[in-house]
Amino acid sequence: MSVWRRSLSFATRPRPQFPYGTGQPIHETRPHSINPGDITPGISAEEYYQRRVRLAHKLPPSSVAIVSGSSVQFASGSVFHPFQQNTDLFYLSGWNEPDTVIAVEVDANHEMTFHMVVPPKNPHKDKWEGDKSGLEGAYDVFNADIVVDSHQGKRHLTELVDKAQHVFIDSTKPQLASLGLSSALNQLSGRSGAKPVAPIIAKLRAIKSASEQRVMAAAAKASSRAIHHAIATSTNTPFRQEKTLARFLDYSFVLHGCDGPAYIPVVASGANALTIHYTRNDDVIYDDELVFIDAGGKLGGYCADISRAWPHRGKFSEPQKDLYSVVLECNKQCIDHCVPSNSLHDIHEVSVSLLLKGLQQLPGFSHVSRTEVARSLYPHYIGHHLGIDLHDVPSVSRFDPLQPGNVVTIEPGLYIPKDDKWPKHYQGIGIRVEDDVVVGSSSATITNLTAGCVKEIADIEALIANGVTTPGVGEEQLNLL
Ligand code: GLY
Ligand code: MN
Ligand code: MN
């Protein structure tokens, strides 16, 4: 599989010729990162088609499901944020360009037609912003059956809705900035009888296909290597500031094969970790404190989500070791519960019990109650579904039994406030150990995608003492899939 990749020559490779110019990366224009047959890294054109077929099967005859994309958002003036596509649209098409609407139409005989309403190429705009895939790309690469210039989008979508007996469209305010599409979609979603489409797509997204699991495994592997790279770097040149480590992680995710970070990381020295979503990352890192990170890379649109903690100067203190061991044991046992007989909520209840039991064994904690653990010392949930979104498809209930192919995070933590109710030497320590887990059909087939990311105390201390020896860590990766 990797032969064609290894044969790339950076000195002599001819620039790929592609008649439609270069919109978002595709195999023809970026062969180093997208394999033949794939539309996005690791996900084939056939799989995107099958996703639409599965959606069509959930719709009644004579219906249309409309999903609007996003526009570029601006921070201030002409400074824009990185483009973030509506993830439902991305899931169904792989299309990652702004100002687009897609529709899956099902006729009376249950035949499916895939519509894309996309901005046309605009030589003046494209000269500044770069080529777009345009109508040609939507038709030839993204396999739309009917492609419509977004200037005619309002009329086309209105006609589709007028002729359908059942309309599925989200009522949340679409983010489309241009061409009156936003107001058109608002009107259409407000029509009587229109139902939301997101809950139907959420059920499809919750079960990850074999290809999705491979992409997520690659994102997890790259992210794990990046975190090892960061820990090993502190052997000789310890990071002095949270922000330096935060940026190093962002860089290292890309170095190891991701497209970029999946989210703004938490990089917290010592008691800063007591703020669960500490993203200021603006303190110095103290020698005697734990470094806590919650960080992950994104590859082909799929997220990794990892939390780890390590002693800045290489050796856990006894109190750090005590609390870390309780959280780690809870993490390991909860991973073993990722089977279909349990819901995420069941696993959360297990995690509270395990943390309570573990804490009660520690000196000064014998009086701790379950309520204090659940409300104060461990104030968040055991985990969430993970995928194209970091908190993937939140509409899937925590009380539903897990299903094989779900990917969930398992992330117990303990955060001891600076309150003399708790033993002094444990105060100000915050730890979470987070892994990304594919639910198995039984305990024998659970897969921990982040198992390669060091978490045993002895392994962490050895990694800091020795620097890293794992092959691939610190080496630039072109294509993990
Ligand atoms: N990184 C955010 C979370 O773990 O949910
Ligand atoms: Mn996380
Ligand atoms: Mn998480």
Side-chain angles (χ1 to χ4, degrees), residues 84 87 205-206 208 216-217 219-228 230-231 242 245-247 249-250 252-253 258-268 272-281 290-299 301-310 324 327-328 330-332 334-335 337-338 343-345 347-348 350-352 355 377-398 402 406-415 430-439 446-455:
Q84 173 60 60
T87 49
R205 284 176 54 177
K208 273 64 183 179
M216 293 190 74
K221 178 177 174 182
S223 302
S224 301
R225 284 176 167 179
I227 290 169
H228 282 200
I231 299 175
E242 293 168 347
L245 173 52
R247 293 303 186 195
L249 285 164
D250 286 356
S252 197
F253 292 139
C258 290
D259 301 323
Y263 54 96
I264 297 174
V266 174
V267 177
N272 292 336
L274 271 58
T275 302
I276 311 295
H277 286 163
Y278 175 83
T279 48
R280 290 173 49 180
N281 305 337
L290 281 182
V291 180
F292 169 76
I293 62 150
D294 182 342
K298 194 166 205 172
L299 174 58
Y302 288 83
C303 302
D305 184 8
I306 304 175
S307 299
R308 291 292 186 266
W310 66 89
Y324 188 91
V327 176
L328 179 62
C330 176
N331 161 285
K332 291 196 277 192
C334 287
I335 289 173
H337 281 73
C338 290
S343 65
L344 260 184
H345 190 73
I347 304 174
H348 180 70
V350 169
S351 70
V352 176
L355 292 174
L377 306 181
Y378 170 46
H380 60 79
Y381 210 66
I382 186 61
H384 50 85
H385 288 255
L386 182 72
I388 307 175
D389 276 306
L390 182 66
H391 291 192
D392 213 46
V393 283
S395 63
V396 174
S397 168
R398 294 165 163 181
L402 293 172
N406 287 156
V407 178
V408 294
T409 65
I410 292 296
E411 48 181 306
L414 282 173
Y415 314 84
I431 295 163
R432 176 159 74 250
V433 180
E434 177 174 25
D435 285 300
D436 304 343
V437 180
V438 186
V439 173
I446 297 166
T447 307
N448 179 0
L449 299 176
T450 45
C453 192
V454 70
K455 66 180 176 182

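This one's a predicted model, so the numbers in the text were calculated from it and none came from an experiment. The chain is numbered in sequence order, starting from 1. We count ligands from 1, going down the list as the structure has it; atoms in each ligand are counted the same way.
- Remark: distances from the non-hydrogen atoms of H391 to ligand 1 include one below 4.0 Å.
- Of all protein heavy atoms, the one lying nearest to atom 3 (C) of ligand 1 is D305 OD2, 3.5 Å.
- Heavy atoms from other residues, nucleotides or ligands lying under 6.0 Å from CD1 of I276 number more than 12.
- Close approach of ligand 1 to E434 is summarised as follows: ligand atoms under 4.0 Å from at least one heavy atom of the residue are 4 (O).
- Contact check for S223 versus C453: no side-chain heavy atoms found under the 4.5 Å cut-off.
- Ring pair H348/Y378: centre-to-centre distance below 6.0 Å.
- For a threshold of 3.5 Å applied to N or O pairs, the pair formed by E411 and ligand 1 contains at least one separation below that value.
- Ring-plane geometry between H380 and Y415 is classed as perpendicular, the angle between the planes exceeding 60 degrees on a 0 to 90 degree scale with a lower cut at 30.
- Geometry note: the Mn ion (ligand 3) is the vertex, E434 OE2 and D305 OD2 are the arms, and the angle is 80° (rounded to 10 degrees).
- Within the listing of ligand 1, atoms 1 (N), 2 (C), 3 (C), 4 (O) sit less than 4.0 angstrom from a heavy atom of D294.
- The N/O atoms of H277, backbone and side chain alike, include none that comes under 3.5 Å of an N/O atom in ligand 1.
- Here the side chain of N406 pairs no donor or acceptor atom with the backbone of V439 at under 3.5 angstrom.
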Determine, step by step, whether N448 and T450 satisfy the side chain to side chain donor-acceptor pair (under 3.5 Å) criterion, reporting the C-alpha distance in whole Å, the side-chain angles of both residues, the deciding distance to 0.1 Å, and the verdict. CA-CA 5 Å; N448 179 0; T450 45; 3.0 Å; yes
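- For E411, the N/O/S atom at the shortest distance from the Mn ion (ligand 3) is named OE2.
- At a cut-off of 2.8 Å, H384 coordinates the Mn ion (ligand 3) through an N, O or S atom.
- Side chain of D436 to backbone of D305: a donor-acceptor contact under 3.5 angstrom is found.
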